[in-house]
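The structure under discussion appears below in the form of structure tokens.
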Amino acid sequence: MEKPQNKQVGPESSGLVEALHAILGQGGLLTSPEDRAPYERDWRGLVKNPACAVALPKTTQQVAEIVKLCAANGVSIVPQGGNTGLVAGAVPIAGPPQLIICLNRMNRIKTIDLATNYITAEAGLTLSELQHAAAEAGRFFPVSLGAEGSARIGGLISTNAGGMQVLSYGSMRAQVLGLEVVLADGRIWDGLAACPKDNTGYDLKQIFIGAEGTLGIITAACLRLYPAIAARASALVGVDSPEAALRLFQAARAAAGSGLTLCEYMEGDSLALGAAHVAGGALPFIAPGYLLLEVSAPDSAHAPGATLESVLAQALEQSVATDAVIAQSERERLHFIALREAISEGELAEGGAVKHDISVPLGKIPAMVAAVRTLVAEKYPDCRPNIFGHVGDGNLHINIRPPKGQSIADLAPRKTDITADIEALAVSMGGSFSAEHGIGQLRLAGMAAHKSPVALDLMRAVKHALDPANLLNPGKTIPGAV
Ligand code: FAD
């Protein structure tokens with residue numbers, strides 16, 4: 001198949017815009033610079049490139065027609081959900097204007113099946129709306145993250161998002177039972193049927209999960225639901241080192257098993273940053289580091305409070321923990337979570353950071369933190385590490401903040417080196433340079449540096465098979481795929 005040349009298409013210039021209007025109807029196409037602006041800029045404000053327009057389809061059929069039109073005109077497409085991704089995957093690259101297809105108006109719930117425990121919904125439903133729908137049906141949807149009010153099902157699946165409860169329930173991939181996808185040639189693949197057992201050839205849905213919109217546009221998904229949580233107990237615990245945090249995690253895991261549904265580590269400075277950006281955010285005590293622990297039970301036969309109390313009593317007695325507060329109400333439990341979730345927004349509000357999202361084998365967490373501290377002290381002594389994350393998954397966000405009073409722009413000359421150093425440290429310890437945020441436009445150097453040539457060849461082969469004209473999200477995920 002011959003590769004069409006991307007054309008310079010401006011909103012005013014072509015029959016394409018008229019044809020898009022005809023497909024999308026009133027209010028379905030944004031063309032003015034002011035209307036397009038919020039869709040063209042990533043959440044962190046690091047990347048902003050123009051799109052020729054923003055399409056807001058309401059049906060899968062409309063998405064398919066738009067894709068066919070773009071394919072015929074050689075116009076590239078950037079799929080977008082809530083635009084909360086942290087690697088600039090949902091905004092255009094520099095170059096010929098691309099069409100953003102934002103699925104946020106496709107936000108209907110199609111079915112909830114309580115016998116099989118699944119929900120089928122369109123790709124534009126937010127994660128919060130999904131969680132509420134599950135709760136109203138007496139079920140639980142476990143993926144939970146700081147951007148859940150804005151992040152959409154299609155984006156979450158396309159980044160294989162993780163969040164705070166991967167520990168017990170797995171990431172987004174583990175929740176997906178079926179998908180509906182518009183392919184690069186405009187055909188619709190209906191793989192929504194949630195048949196519990198199906199070994200009929202390749203498991204095609206897996207190809208689109210974590211593909212960051214480079215292989216197809218997800219228009220609907222069938223997702224797993226779980227029994228509602230009957231009881232949960234949460235505690236904010238002080239620890240004086242990453243070693244102690246790891247020991248406490250292991251003790252809690254041994255006591256609670258898969259009932260340990262949350263284990264987040266935050267260094268002292270990091271949680272203080274969150275606390276400064278939450279209403280009523282005073283910390284209950286000051287410690288060098290904190291663990292946020294939650295033990296949950298699906299039925300009344302278990303007593304998560306007793307399990308947590310016994311773990312904490314032992315940890316305090318053995319000086320693994322320095323202090324601990326157990327949430328006395330649902331309000332206090334949610335407040336602990338809000339403190340943790342506010343770290344990213346607090347960081348952004350106070351000058352931003354060079355962000356990293358690494359994982360290492362669990363036992364290497366203390367060595368990784370120590371290596372980062374040594375690196376920063378020796379090579380970037382004026383910078384301030386902000387270290388927090390999903391420690392039970394070996395996943396830490398190791399963000400490097402600029403010197404006090406400066407902003408991320410001031411770190412620009414050193415940004416590439418800082419990132420290369422931290423990514424190399426994680427990979428040298430047997431870890432990953434991008435644990436849950438994906439690659440987008442911002443992690444391509446890491447892909448080129450750390451992914452094997454064989455892995456990159458396989459990825460290029462898959463991309464070529466599904467999107468030979470490189471229509472979908474060019475310049476993302478695979479180095480050189482522009
Ligand atoms: P977008 O940002 O719109 O898109 C993300 C990628 O998916 C892009 O490549 C886009 O092209 C593609 N895409 C979007 N929709 C579709 C579709 N329908 N079909 C095909 N491709 C599509 N992430 C975590 O994993 N864990 C966390 O704990 C976490 N915490 C966060 C906290 C904050 C405060 C913020 C701002 C972000 C956080 N994130 C986290 C990152 C982000 O929320 C997730 O990556 C989320 O999955 C993005 O969803 P979205 O709808 O905003 O996707």
Side-chain angles (χ1 to χ4, degrees), residues 38-39 41-45 47 57 60 63 67 76-93 98 100-107 121-130 143-166 171-173 179-184 207-221 262 264 274 277 337-338 340-349 355 357 359 388-390 393 395-397 434-443 467 472-477:
Y39 301 83
R41 173 185 183 276
D42 78 309
W43 187 82
R44 294 166 65 195
V47 178
T60 300
V63 177
V67 171
S76 301
I77 291 167
V78 181
Q80 190 178 97
N83 197 13
T84 68
L86 296 174
V87 289
V91 293
I93 54 169
Q98 298 122 68
I100 294 174
I101 302 185
C102 176
L103 287 97
N104 294 359
R105 296 204 303 175
M106 292 178 60
N107 59 358
E122 291 178 333
L125 193 73
T126 66
L127 178 52
S128 301
E129 288 164 343
L130 173 63
V143 175
S144 157
L145 45 83
E148 61 201 24
S150 309
R152 313 273 163 163
I153 291 176
L156 293 153
I157 295 172
S158 299
T159 56
N160 184 25
M164 292 202 272
Q165 307 203 72
V166 172
S171 61
M172 203 61 195
R173 186 182 296 278
L179 289 179
E180 178 187 78
V181 182
V182 173
L183 304 175
I207 297 176
F208 300 101
I209 302 171
E212 301 185 282
T214 60
L215 301 178
I217 303 178
I218 296 168
T219 44
L262 198 142
E264 295 287 303
H277 290 269
I337 291 179
R340 156 65 184 88
E341 287 187 336
I343 294 173
S344 295
E345 304 216 9
E347 182 187 78
L348 188 66
K355 276 173 154 332
D357 166 38
S359 66
F388 62 98
H390 318 300
D393 309 319
N395 178 194
L396 287 180
H397 301 306
S434 186
E436 60 174 11
H437 293 162
I439 303 303
Q441 309 186 45
L442 302 184
R443 295 273 171 260
D467 181 18
L472 297 173
N473 230 357
K476 316 281 170 57
T477 312

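In listed order, ligands and their atoms are each counted from 1. Please read all numbers here as calculations on a predicted model, not as lab measurements.
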TODO: Would you check if there is a donor-acceptor pair between the side chains of Glu436 and Ser171 at a distance under 3.5 Å?
DONE: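 No, no side-chain donor-acceptor contact under 3.5 Å.
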Below 4.0 angstrom from a heavy atom of [X], which ligand 1 atoms are there? Numbered from 1 as shown, please.
X	value
Gly216	20 (C)
His390	28 (O)
Arg152	50 (P), 51 (O)
Gly213	20 (C), 21 (N)
Glu212	9 (O), 11 (O), 12 (C)

As a check for students: among [options], identify the option with a heavy atom nearest to [atom].
atom	options	value
atom 10 (C) of ligand 1	Pro79, Gly155, Gly81	Pro79
atom 13 (N) of ligand 1	Ser158, Gly124, Gly389	Ser158
atom 23 (N) of ligand 1	Met164, Glu345, Met172, His437	His437
atom 25 (O) of ligand 1	Ser144, Gly162, Ala88	Gly162
atom 47 (O) of ligand 1	Thr159, Asn104, Val181	Thr159

Open item on the list: Consider side chain to side chain contact (heavy atoms under 4.5 Å, CB included). Of Asn473, Val181, Val67, which one does Ile217 pass it with?
Closed with: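 Per the side chain to side chain contact (heavy atoms under 4.5 Å, CB included) rule, the option paired with Ile217 is Val67, out of Asn473, Val181, Val67.
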Task: Identified side chain to side chain contact (heavy atoms under 4.5 Å, CB included) counterpart of Arg152 within the set Ile157, Thr126, Leu127 - done: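 Filter result, single survivor: Thr126.
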Does [X] come within less than 4.0 Å of ligand 1, judged by its heavy atoms?
X	value
Ser150	no
Arg44	no
Lys476	no
Gly163	yes
Leu103	yes

Closer than 3.5 angstrom, by distance alone: can the side chain of [X] be matched with the main-chain N or O of [Y] as a donor-acceptor pair?
X	Y	value
Arg173	Ile209	yes
Glu345	His277	no
Asn395	His390	no
Gln441	Ala88	yes

Got an N/O contact under 3.5 Å between [X] and ligand 1?
X	result
Thr84	yes
Gly82	yes
Ala161	no

Task: Val78 contact mode with ligand 1 (heavy-atom cut-off under 4.0 Å) - done: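 Within the 4.0 Å criterion, Val78 makes no contact with ligand 1.
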Does any non-hydrogen side-chain atom of [Y] lie less than 4.5 Å from one of [X]?
X	Y	answer
Tyr39	Pro92	no
Val78	Val91	no
Ser158	Ile218	yes
Asp357	Ser434	yes

Open item on the list: Nearest 0.5 Å, please: how far is CD in Glu148 from CE in Met164?
Closed with: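 Taking CE in Met164 and CD in Glu148, the distance rounds to 7.0 Å.
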TODO: Nearest 0.5 Å please: distance from the CD1 atom of Ile153 over to the CG atom of Leu103.
DONE: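 Between atom CD1 of Ile153 and atom CG of Leu103 there are 11.0 Å.
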How close does the nearest protein non-hydrogen atom get to [atom], and which residue and atom is it?
atom	answer
atom 38 (C) of ligand 1	Leu86 CD1, 3.8 Å
atom 27 (C) of ligand 1	Glu436 OE2, 3.4 Å
atom 19 (N) of ligand 1	Ile218 N, 2.9 Å
atom 2 (O) of ligand 1	Gly85 N, 2.8 Å
atom 35 (C) of ligand 1	Ala147 CB, 3.6 Å
atom 4 (O) of ligand 1	Ala90 CB, 3.5 Å

- [ ] Any chance you could lay out the salt bridge (Lys or Arg N to Asp or Glu O under 4.0 Å) test for Lys476 and Glu212, step after step, and finish with the verdict?
- [x] CA-CA 8 Å; Lys476 316 281 170 57; Glu212 301 185 282; over 6 Å; no
TODO: Determine the interplanar angle of the His397 and His437 rings, folded into 0 to 90°, and report it as parallel if under 30°, tilted if 30 to 60°, perpendicular if over 60°.
DONE: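 Geometry flag for His437 against His397: parallel rings.
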